[in-house]
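The next block holds one structure in the form of structure tokens; read it before the comments.
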Amino acid sequence: MEYNFTEIEARWRKRWADGKVYEVSQDDSRPKFYVLSMFPYPSGAGLHVGHPLGYIAADIYARYKRNRGFNVLHPMGYDAYGLPAEQYAIQTGQHPAVTTEQNIRRYREQLDQIGFSFDWSREVRTCEPGYYKWTQWAFQRMFDSFYCNKCGKAQPISKLADSFSQQGTAGLDVAQTEELNFSAEEWNAMTEKQQQEVLMNYRLAYLGETMVNWCAGLGTVLANDEVVDGLSVRGGFPVEQRKMKQWCLRISAYSQRLLDGLDTIDWSESIKETQRNWIGRSEGAEMQFKIKGTDEAFTIFTTRADTIFGVTFMVLAPESELVGRLTTPAQSEAVEAYLEEVKHRTELDRMAGKKVTGVFTGSYAVNPFTGEEIPVWVSDYVLAGYGTGAIMAVPAHDSRDYAFARKFGLPIVPLIEGADVSEESFDAKEGIVTNSPAAGKESLAGFSLNGLSVKEAIEATKRFVEEQGLGRVKVNYRLRDAIFSRQRYWGEPFPVYYKDGMPYMIPEACLPLQLPEVDKFLPTETGEPPLGNAKVWAWDTRSNTVVDRSLIDNVAVFPLELSTMPGFAGSSAYYLRYMDARCDSALVSPEADAYWRDVDLYVGGSEHATGHLIYSRYWNKFLHDIGVSCVEEPFKKLVNQGMIQGRSNFVYRIKGTNTFVSEGLKEQYDVTPIHVDINLVQNDVLDLEAFRRWRPEYADAEFVLEDGKYVCGWAVEKMSKSMFNVANPDQVIARYGADTLRLYEMFLGPITQSKPWDQNGIDGCARFLRRAWNLFFDKQGALAVTDEAPSRDALKSIHKLTKKVSGDMEEMAYNTSIAAFMICVGELAQQKCHSREVLERLVVLLSPFAPFMCCELWQLLGHATLVLDAPWPTWDEAYLKEDTVTMAVSFSGKTRYTIDVPADAPAEEAERLALGHEAAARYMEGKQLVKVIVVPKRIVNIVLK
RNA sequence: GCCCGGAUGGUGAAAUGGUAGACACGAAGGACUUAAAAUCCUUUGGCCAGAAAUGGCCGUGCGGGUUCGAUUCCCGCUCCGGGCACCA
């Protein structure tokens with residue numbers, strides 16, 4: 001029978017769908033296994049061959065686990081909110097919901113083609129009210145929570161309010177925006193509005209006046225991970241720093257837990273490292289410096305407490321409130337001018353120019369260790385948002401301080417033996433401390449670091465600082481709170497209304513608060529976000545309904561929030577929703593959560609390392625704290641599939657002509673390389689006629705050939721329409737079938753590695769599948785499977801394969817498994833093996849890779865059940881054993897002859913046989929035997945002297 | 001600047017201390033065929049010797065080391081990719 005993949009695949013696609021064979025339900029009799037691929041944003045361009053790479057890898061694993069007897073949850077959905085649909089809406093007036101729906105339909109068609117084992121009954125879409133109800137719900141829970149450092153988790157904000165009314169801020173140890181101090185009496189005397197303002201300082205979802213990344217080009221603020229090199233990731237528009245009132249998530253409260261959790265999960269080292277960098281923990285000390293001649297003092301943060309004797313100036317961030325307090329009247333004009341100048345420098349200038357700028361405040365700080373007076377400067381190289389916004393500068397041992405000292409002629413005092421600071425600073429944390437204090441100088445309580453190593457000195461100083469009450473040991477994190485507002489239309493609306501300028505949550509029972517219709521997707525003329533265009537967008541607290549904006553009276557009808565949530569909101573807990581996607585009463589029911597728990601295998605791109613993968617870890621930890629998720633970490637094992645790059649082809653046109661030169665001859669002419677559609681090229685040889693038909697301007701193109709062919713050049717580039725190098729899965733499937741596509745994508749190389757899509761290799765995989773198919777049929781095309789006992793060779797082949805594939809599965813080393821399949825099928829073909837026992841095993845082993853073909857074969861073999869539920873074969877080492885093994889005998893490392901040794905013989909037997917060989921004496925003549933090393937089943941190494 | 005990866009034929013790649021280059025693509029030659037497609041077979045890291053069977057030498061980015069034996073482990077470089085970056 002011919003292997004007609006088109007017919008077979010169409011038939012099984014229908015049967016799988018009609019039979020709902022991939023739907024799963026909770027089943028306490030079987031262990032669960034949760035395989036998840038990152039859900040896609042459905043873009044208008046559809047899938048190219050790179051997108052399904054990770055999905056295929058995950059699908060193979062899911063199918064394998066199912067054959068292994070696990071109850072496998074393998075869902076799929078769509079991250080449907082996003083900027084492209086909205087940009088398209090602005091340009092064309094098409095509602096984003098309409099284009100999103102169209103794109104999803106197209107994605108679904110393409111995904112179905114490839115034969116995934118998704119349980120579509122659990123599909124989620126982030127833009128559907130039934131889904132985003134729970135995104136809004138989680139936001140409200142965060143609003144109602146604060147983070148208690150003592151108990152290490154989120155707590156209801158009401159507890160905090162109670163505590164304030166009892167004891168004010170005394171003994172408070174919580175995550176907060178700024179440190180406040182008030183008594184119970186003061187708290188109780190506050191108005192409701194004042195209390196609300198205070199609580200905002202502690203909520204996990206809070207409205208904060210912060211410096212944000214404002215992108216005028218997109219008309220919205222962006223999170224740090226959405227900005228690269230001062231430009232927006234989407235669109236590449238310049239981004240500037242602006243102070244704005246925004247919703248923020250206090251993710252920084254979870255810094256240490258996010259860091260600690262990394263040690264408990266099975267992720268690649270590189271992505272864990274990226275997250276560690278992003279969180280940026282640094283241990284150091286906070287120290288108090290008094291200002292000479294006043295009662296003022298301020299605090300700095302340093303990781304190099306040991307360099308206290310080398311401090312020659314202090315620096316404040318321009319945005320720091322200290323600047324106003326410390327500037328002397330004489331310097332105020334200069335400082336004002338400087339602050340004005342800094343304000344007009346954009347983030348991009350600040351980074352690109354790296355110009356050293358600054359101004360003296362006129363004040364002097366006092367070094368608490370030496371009593372020395374140190375000038376206090378202002379400079380924009382100190383950031384307001386990190387530490388205390390103020391530093392002690394040690395130019396000898398910090399390159400930034402060094403540059404500043406050189407520019408403004410400030411002294412440089414080296415503190416490490418042998419450090420040469422005449423050209424540059426010595427930043428390394430190594431060497432022996434000297435000059436601390438300098439000979440003949442006094443220091444507080446006779447404190448001295450001289451003779452200690454830098455690491456010892458840091459510890460000693462920190463201890464001293466705490467003992468003397470000069471400051472405290474402190475850990476700082478670089479991780480900033482996530483800015484959670486976007487001035488966009490196509491996102492989750494905030495379930496928030498404003499009364500007297502303060503935000504209030506709409507009642508939980510009224511969720512979801514649905515996204516209103518607007519007539520324009522652009523910001524309003526007054527600069528409000530697009531939701532300002534919505535007519536029906538006010539909250540009536542009497543009826544608890546959304547009403548017309550014209551009814552706002554600020555008595556019972558209040559304005560609703562105009563921002564929407566960012567892209568990561570909807571993707572932060574979708575894995576939980578899949579567990580119980582149709583549940584109305586909870587994000588996930590406790591029963592479903594208790595059964596499915598966490599994602600056992602998560603497959604997706606590493607580009608989400610500092611975005612989605614941090615946010616959803618935070619989100620899950622919060623949900624864990626409030627008892628919704630039973631685990632601390634949502635993704636046990638993470639595999640980052642590599643990117644599939646495009647492989648572009650070029651033709652070389654002689655400048656000013658319509659003549660094209662073959663790649664090998666291009667050096668002889670002055671040529672321009674031009675991208676050519678990869679569909680016109682086979683094995684880098686151009687189809688001349690197709691090229692002439694491609695574009696009118698090439699209709700009468702001339703060619704300079706080599707060996708009668710036109711050879712194209714090639715390069716590995718991003719897969720993109722403009723480079724004509726996009727390979728589309730539908731085309732591959734039409735020509736070779738989905739099973740071949742699946743197999744080939746996995747055969748291309750290790751799953752984690754980036755690699756170019758090379759159309760050339762695909763024939764090998766197609767050939768392999770045809771050969772495998774042909775094992776089951778005779779020349780006449782009739783099924784040729786017998787019940788005869790298989791030969792020992794055939795058993796050996798199939799058991800060897802079983803062992804190899806079973807081992808590779810856990811590592812997802814699919815490319816080497818496929819090689820093993822090819823060898824095994826070759827062997828079975830040569831042996832003319834038609835044994836049912838052997839071939840059935842082969843079908844099961846191959847079914848995760850080529851599910852369509854294997855379903856068909858399994859049925860042809862007469863099974864009533866599907867191959868999806870067949871048990872995974874086991875292997876028997878007995879079949880893999882050799883009777884004898886051929887071992888190489890080498891003398892001093894050079895192989896001289898071989899011997900046959902019984903497979904189960906001990907090492908001594910191999911040694912005896914090796915030395916007993918007739919040639920042995922010849923090689924050993926005149927030499928002394930040092931030792932004999934027997935490598936089991938491989939080699940006998942005889943060492944001579 | 002700091003931190004992670006990586007480097008093996010013409011190409012994608014195997015081998016994680018034991019016969020380097022499995023498997024596949026490409027290429028060359030051959031069989032079948034009127035022809036093409038398809039299929040099948042042989043060769044295919046480099047150099048040297050030989051009519052041939054075959055034999056020898058070199059070879060996993062570079063330089064050292066450990067070991068009977070290193071693509072694999074250790075030390076030092078070079079180049080490529082990625083992350084973080086006035087984070088004190």
Side-chain angles (χ1 to χ4, degrees), chain A residues 228-229 268-282 284-285 300-305 307 314-315 317 350-351 353-356 379-394 397-401 403-404 424 427-428 476-480 606-607 609-610 647 683-685 714 743-744 747-750 752-765 767-768 770-771 774 804 813 815-824 826 829 886-888 890-895 898 930-945:
Chain A
V228 172
D229 293 336
S268 76
E269 207 39 55
S270 72
I271 210 142
K272 286 197 206 176
E273 209 44 49
T274 300
Q275 292 209 343
R276 285 191 192 109
N277 278 340
W278 189 258
I279 296 167
R281 179 191 158 101
S282 63
I300 58 93
F301 174 75
T302 180
T303 55
R304 291 295 303 273
T307 58
M314 312 290 288
V315 189
R350 242 170 115 158
M351 286 191 301
K354 296 217 164 165
K355 265 191 278 174
V356 180
S379 174
D380 67 353
Y381 84 87
V382 174
L383 305 175
Y386 184 78
T388 61
I391 63 156
M392 62 180 214
V394 186
H397 302 293
D398 182 288
S399 53
R400 296 153 303 184
D401 298 343
F404 195 83
E424 56 181 5
D427 291 16
N476 265 328
Y477 301 90
R478 196 171 56 221
L479 186 67
R480 303 295 158 79
S606 56
E607 67 273 20
T610 55
R647 188 177 184 279
N683 294 333
D684 291 336
V685 176
W714 61 272
L743 211 60
Y744 183 57
F747 185 66
L748 225 43
T752 54
Q753 206 169 296
S754 287
K755 55 233 158 184
W757 177 260
D758 184 350
Q759 196 87 10
N760 298 336
I762 201 161
D763 292 293
C765 288
R767 241 171 259 163
F768 157 73
R770 215 166 329 148
R771 279 181 207 148
N774 287 337
K804 170 80 176 143
N815 55 331
T816 57
S817 278
I818 293 168
F821 274 114
M822 288 172 174
I823 295 167
C824 180
T886 303
M887 293 177 70
S890 75
F891 286 83
S892 296
K894 283 204 174 31
T895 301
T898 61
V930 177
K931 59 179 153 176
V932 179
I933 294 138
V934 179
V935 180
K937 294 181 188 175
R938 286 237 172 239
I939 196 164
V940 181
N941 204 327
I942 295 159
V943 186
L944 301 175
K945 196 163 73 180

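Note that the structure is a prediction, hence the values are computed from the model and not measured. Reminder, nothing fancy here: chain letters follow the sequence lines and each chain counts from 1.
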Could you go over nucleotides 12-14 of chain B and give all protein N or O partners under 3.5 Å, atom names and distances?
residue	atom	partner	partner atom	Å
B:rG12	O2'	A:Leu748	O	2.3
B:rA13	OP1	A:Gln753	NE2	2.4
B:rA14	OP1	A:Asn815	ND2	3.0

In whole angstrom, give me the gap between the [atom1] atoms of [N] and [M].
N: B:rU71; M: B:rU60; atom1: C1'; answer: 5 Å
N: B:rA70; M: B:rC62; atom1: P; answer: 15 Å
N: B:rA27; M: B:rU11; atom1: C1'; answer: 11 Å
N: B:rU8; M: B:rG59; atom1: C1'; answer: 10 Å
N: B:rG69; M: B:rG1; atom1: P; answer: 39 Å
N: B:rA24; M: B:rG30; atom1: P; answer: 23 Å
N: B:rA28; M: B:rG46; atom1: P; answer: 16 Å
N: B:rC79; M: B:rA38; atom1: P; answer: 46 Å

>> With the 90 degree cut-off around zero defining syn, does B:rG9 come out syn or anti?
In response: syn
>> With a 6.0 Å cut-off (strictly less than), is the heavy-atom count around CD of A:Glu607, excluding the residue itself, greater than 12?
In response: yes
[X] side chain near [N] phosphate (N/O to OP1/OP2, under 4.0 Å):
X: A:Ser282; N: B:rA88; result: yes
X: A:Tyr381; N: B:rA88; result: no
X: A:Arg770; N: B:rU39; result: yes
X: A:Arg767; N: B:rC40; result: no

Going by side chain to side chain donor-acceptor pair (under 3.5 Å), name the residues that satisfy it together with [X], two or more places apart in sequence or in a different chain.
X: A:Asp427; result: A:Ser399, A:Ser425
X: A:Thr307; result: none
X: A:Asn815; result: none

> Heavy-atom distance under 4.5 Å between the side chains of A:Ile818 and A:Leu743, does that happen here?
Replying inline: yes
Per [X] side chain, nearest of listed nucleotides [options]:
X: A:Thr610; options: B:rC68, B:rC84, B:rA88; result: B:rC84
X: A:Val935; options: B:rC4, B:rG18, B:rA22; result: B:rG18
X: A:Ser270; options: B:rC4, B:rC86, B:rG83; result: B:rC4
X: A:Ile823; options: B:rG83, B:rC23, B:rA88; result: B:rC23
X: A:Arg771; options: B:rC68, B:rC23, B:rA24; result: B:rA24

> Which of parallel (below 30°), tilted (30 to 60°) and perpendicular (above 60°) describes A:Trp757 and A:Tyr744?
Replying inline: perpendicular
> Should the ring pair A:Phe768 and A:Phe821 be called parallel, tilted or perpendicular, given that the plane angle runs from 0 to 90° and is split at 30 and 60?
Replying inline: tilted
At under 4.0 Å between heavy atoms, what does [X] touch on the DNA or RNA strands: base, sugar-phosphate, or nothing?
X: A:Ile391; result: base
X: A:Arg281; result: nothing
X: A:Arg276; result: nothing
X: A:Ser399; result: nothing

Can you tabulate the close N/O pairs, meaning under 3.5 Å, that link protein atoms to atoms of nucleotides 30-32 of chain B?
none

Let me confirm one number: the [atom1]-[atom2] distance from [X] to [Y], rounded to the nearest 0.5 Å.
X: A:Asn774; Y: A:Arg767; atom1: CG; atom2: CZ; value: 13.5 Å
X: A:Leu748; Y: A:Asp758; atom1: CG; atom2: CG; value: 7.5 Å
X: A:Arg276; Y: A:Arg281; atom1: CZ; atom2: CZ; value: 12.0 Å
X: A:Arg770; Y: A:Cys765; atom1: CZ; atom2: SG; value: 11.5 Å

Using whole Å, report how far [atom1] of [X] lies from [atom2] of [N].
X: A:Trp757; N: B:rC25; atom1: CH2; atom2: P; result: 15 Å
X: A:Leu479; N: B:rC84; atom1: CG; atom2: P; result: 13 Å
X: A:Tyr477; N: B:rA88; atom1: OH; atom2: P; result: 13 Å
X: A:Arg304; N: B:rA88; atom1: CZ; atom2: P; result: 11 Å
X: A:Lys272; N: B:rC84; atom1: NZ; atom2: P; result: 19 Å
X: A:Asp763; N: B:rU39; atom1: CG; atom2: C1'; result: 13 Å
X: A:Ile271; N: B:rG5; atom1: CD1; atom2: P; result: 14 Å
X: A:Asp427; N: B:rG1; atom1: CG; atom2: P; result: 12 Å

>> A:Met314 vs A:Ile300, test: side-chain contact (heavy atoms from CB on, under 4.5 Å). Steps then yes/no.
In response: CA-CA 9 Å; A:Met314 312 290 288; A:Ile300 58 93; 3.8 Å; yes
> Pick the nucleotide of RNA chain B nearest each of A:Phe301 and A:Glu269; which residue has the one closer to the 5' end?
Replying inline: A:Glu269
> Is there a donor-acceptor contact under 3.5 Å from the side chain of A:Asp401 to the main chain of A:Val394?
Replying inline: yes
> Where are the stems of RNA chain B, defined as at least 3 consecutive Watson-Crick or wobble G-U pairs with both distances under 3.5 Å?
Replying inline: B:1-7 with B:78-84, B:10-12 with B:23-25, B:26-31 with B:39-44, B:45-49 with B:54-58, B:61-65 with B:73-77
>> Test side-chain contact (heavy atoms from CB on, under 4.5 Å) on A:Asp398 and A:Ile391; report intermediate values, then the result.
In response: CA-CA 12 Å; A:Asp398 182 288; A:Ile391 63 156; over 6 Å; no
